[in-house]
Amino acid sequence: MSKLRRRGAAGLLDMVADRASRLPQHERRDFLKRGLALAGAAVAGPAIGANGSESDYLPPDVPPWTRSLGRGVVTRPYGSPSDFEANVIRRTVPWLTASNISSISFTPLPELQGIITPNGLVFERYHAGVPEISPDQHRLMIHGLVERPIVFTMDDLMRFPSVSVIRFIECPANGGMEWRGAQMEALQFTHGMLSCCEWTGVPLSVLLEEVGLKKGAAWILAEGADGSAMTRSIPLEKALDDTLVVYAQNGERLRPEQGYPLRLLNPGWEGNTSVKWLRRLEVGDQPWYQREETSKYTDLMEDGRARKFTFVQETNSVITFPCPEKPVTAKGRYEVEGLAWSGRGRIRRVDVSFDGGVNWQQARLKGLVLPKALTRFSYMWDWDGGPALLQSRAIDETGYVQPTLTQLRDQRGVESIYHKNAIHTWRVAESGEVTNVQID
Ligand SMILES: Nc1nc2c(c(=O)[nH]1)N[C@H]1C(S)=C(S)[C@@H](COP(=O)(O)O)O[C@H]1N2
Ligand SMILES: [Mo]
């Protein structure tokens, strides 16, 4: 026994496995079982392996998966997350839409780390379902006020020098259910119409140079190839600034849900303007006033008028830990984390409050701080076990300060469902439970 103890569990297992490998298969299993029971006894005293109890898996015992072979390389030619991560999924709010063809799913923000949204978790918004489009059959037509109208194949587009940028996409309806006081009881639903990917494609300015703009060109109509043939008018100024025509996200081709094989990307602007399954760009001298920019995606004001073309997603932020899905447990030290973003540029600063906005502390910006991208912030918090009201307030490089809900409602009333970027409040109870509350 003393010899076994000195060898340690690993050495002992080598020995057991070595001997077992020389036995016929049916005897081998028994031998391993007995040998491991011995190893457990030798090293850890009472915790004896082989009966499958949890203590078998804990150090200094050696767990079953260390004593056996794993799955081979060809089992999953395209990888997927661990089965233990099965709760990290996009989710829908059943009462929000009548059908899943014209609906929305939400990114599981509480579960994500860093600033990149994995492709399989990017929120989805479609007006007529996901079309299945072969890249060989897909074309992008550019016409209207241009010198040389053209129809590009995917291969044509991919011959242009490409650029890759990390940018967020947010649906302007994000949080829209809360304008009038409805309370979504999960971070996934209060802020989950939000994603941030590395997008690869061609600057639209490069394609416009190729076709040559005619005098009077001032707006561009982007049209999707899906059943909704969704259209949005984009000012030429934006198109020549940072609009991209993209075919890849996070290193691989676009997901069908994100517009495979081609989508428009208007960084920092309403997600709705980033037209997916992009098939047509028409250059004109004025906006088209399509459905998605008149009856929808305009902000109805108290006096019955609507704000026109509110393209930019204003500075916003939210604490992602703790949150309703991720409560605190015992009192003590926690890393409070969150995400901030601005459609106008970089996040300059984020403050956090633990008393509902009376006192503010400056948070640390973590990792990459990129323009029009999610920016992660962090603050070490000593929770004394008492009730607290957690808030974050972001300021971007233009000096814009994220408003309170009261300031926003004073300005815009409560008729709109779009562009709610107010400071968000989580209430932490003594139990550690976190709920969504609205305070002034
Ligand atoms: N062709 C087309 N493009 C579209 C849509 C659509 O239904 N059809 N939905 C828009 C809306 S409202 C949003 S918020 C974003 C969502 O992008 P995502 O599904 O990649 O997250 O795509 C936009 N582009
Ligand atoms: Mo949207």
Side-chain angles (χ1 to χ4, degrees), residues 90-93 96-97 99-109 112 116-133 138 140-141 167-177 188 191-201 220-234 243-250 252-282 290-299 310-313 316 341 343 374 416-421:
R90 298 186 280 224
R91 289 186 175 85
T92 55
V93 175
L96 204 57
T97 50
S99 123
N100 71 345
I101 294 298
S102 177
S103 191
I104 182 122
S105 72
F106 295 77
T107 301
L109 295 177
L112 299 186
I116 298 291
T117 314
N119 288 339
L121 296 175
V122 171
F123 81 96
E124 315 150 89
R125 171 76 178 111
Y126 355 107
H127 291 73
V130 182
E132 257 180 56
I133 304 174
H138 191 72
L140 172 64
M141 174 166 83
R167 298 291 182 262
F168 76 80
I169 291 187
E170 184 184 25
C171 174
N174 206 13
M177 300 89 95
Q188 185 160 8
H191 291 81
M193 298 183 195
L194 176 67
S195 64
C196 185
C197 296
E198 185 193 46
W199 302 97
T200 300
I220 294 182
L221 184 75
E223 183 183 80
D226 55 328
S228 75
M230 219 201 71
T231 37
R232 284 292 307 246
S233 306
I234 314 292
T243 302
L244 300 175
V245 170
V246 298
Y247 43 76
Q249 67 184 108
N250 293 332
E252 62 182 359
R253 292 299 184 90
L254 294 177
R255 289 290 170 92
E257 302 93 303
Q258 267 63 61
Y260 184 88
L262 195 67
R263 91 179 291 174
L264 200 65
L265 177 74
N266 282 303
W269 279 21
E270 297 182 328
N272 187 263
T273 66
S274 288
V275 173
K276 302 190 280 189
W277 310 293
L278 182 68
R279 69 178 288 270
R280 186 168 78 90
L281 292 168
E282 182 178 346
Q290 297 281 310
R291 174 183 182 274
E292 294 290 301
E293 50 202 16
T294 52
S295 118
K296 300 288 181 283
Y297 294 99
T298 56
D299 315 336
T310 45
F311 291 122
V312 174
Q313 291 298 111
N316 205 343
W341 61 101
L374 294 186
S416 179
I417 57 159
Y418 301 112
H419 294 283
K420 185 193 140 288
N421 65 320

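First listed ligand is number 1; within each ligand, the first listed atom is number 1.
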So is Ser195 in contact with ligand 1, going by heavy-atom distances below 4.0 Å?
->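 Ser195 does not count as a contact of ligand 1 under the 4.0 Å cut-off.
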Check if Glu223 has a non-hydrogen atom at a distance under 4.0 Å from any atom of ligand 1.
->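 In this structure, Glu223 fails to qualify as a contact of ligand 1 - no heavy atom is under 4.0 Å.
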Derivation and outcome, side chain to side chain donor-acceptor pair (under 3.5 Å), residues Thr97 and Ser103 = CA-CA 6 Å; Thr97 50; Ser103 191; 2.6 Å; yes
Ring geometry between Trp341 and Phe168 (parallel below 30°, tilted from 30 to 60°, perpendicular above 60°) |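 Taking Trp341 first and then Phe168, their aromatic rings stand perpendicular (interplane angle over 60°).
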Heavy atom of the protein closest to [atom] (residue, atom name, distance):
{"atom": "atom 19 (O) of ligand 1", "answer": "Lys276 NZ, 2.5 Å"}
{"atom": "atom 7 (O) of ligand 1", "answer": "His127 ND1, 2.6 Å"}
{"atom": "atom 5 (C) of ligand 1", "answer": "Met230 SD, 3.4 Å"}
{"atom": "atom 20 (O) of ligand 1", "answer": "Arg263 NH1, 2.8 Å"}
{"atom": "atom 24 (N) of ligand 1", "answer": "Ser274 O, 3.1 Å"}
{"atom": "atom 14 (S) of ligand 1", "answer": "Cys171 CB, 3.3 Å"}
{"atom": "atom 15 (C) of ligand 1", "answer": "Gly271 O, 3.3 Å"}

Look at the side chain of [X] and the backbone N and O of [Y], then say whether any donor-acceptor pair between them is shorter than 3.5 Å.
{"X": "Gln249", "Y": "Arg255", "result": "yes"}
{"X": "Lys276", "Y": "Arg125", "result": "yes"}
{"X": "Arg263", "Y": "Ser274", "result": "yes"}
{"X": "Asn174", "Y": "His191", "result": "yes"}
{"X": "Asp299", "Y": "His419", "result": "no"}

Taking distance alone, with no angle check, do Gln258 and ligand 1 share an N/O pair under 3.5 Å?
->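 Gln258 vs ligand 1: N/O contact under 3.5 Å present.
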When you measure from atom 12 (S) of ligand 1 to each heavy atom in Trp277, Phe123, Tyr297, which option holds the nearest one?
->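 Closest candidate by heavy-atom distance is Tyr297.
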What pair of heavy atoms forms the shortest contact from Ala222 to Leu264, and how long is it?
->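 Shortest heavy-atom contact: CB-CD2, 3.7 Å.
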Below 4.0 angstrom from a heavy atom of [X], which ligand 1 atoms are there? Numbered from 1 as shown, please.
{"X": "Ser228", "answer": "8 (N)"}
{"X": "Tyr126", "answer": "7 (O)"}
{"X": "Glu124", "answer": "19 (O)"}
{"X": "Gly224", "answer": "1 (N)"}

What part of Asp226 sits under 4.0 Å from ligand 1 if we count only heavy atoms: the side chain, the backbone, both or neither?
->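 The part of Asp226 near ligand 1 is the side chain, not the backbone.
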Using heavy atoms and a threshold below 4.0 Å, how should the contact between Glu292 and ligand 1 be classified: side chain, backbone, both, or neither?
->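 Neither; no heavy atom under 4.0 Å.
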When you check the side-chain N and O atoms of Gln313 and Asn421, is any donor under 3.5 Å from an acceptor?
->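 Asn421 and Gln313 do not have a side-chain donor-acceptor pair below 3.5 Å.
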Regarding Tyr260 and Gln258, is there a side-chain donor-to-acceptor distance under 3.5 Å anywhere?
->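 No.
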Does the pair Arg232 and Glu292 meet the rule for a salt bridge (Lys or Arg N to Asp or Glu O under 4.0 Å), with working shown?
-> CA-CA 7 Å; Arg232 284 292 307 246; Glu292 294 290 301; over 6 Å; no
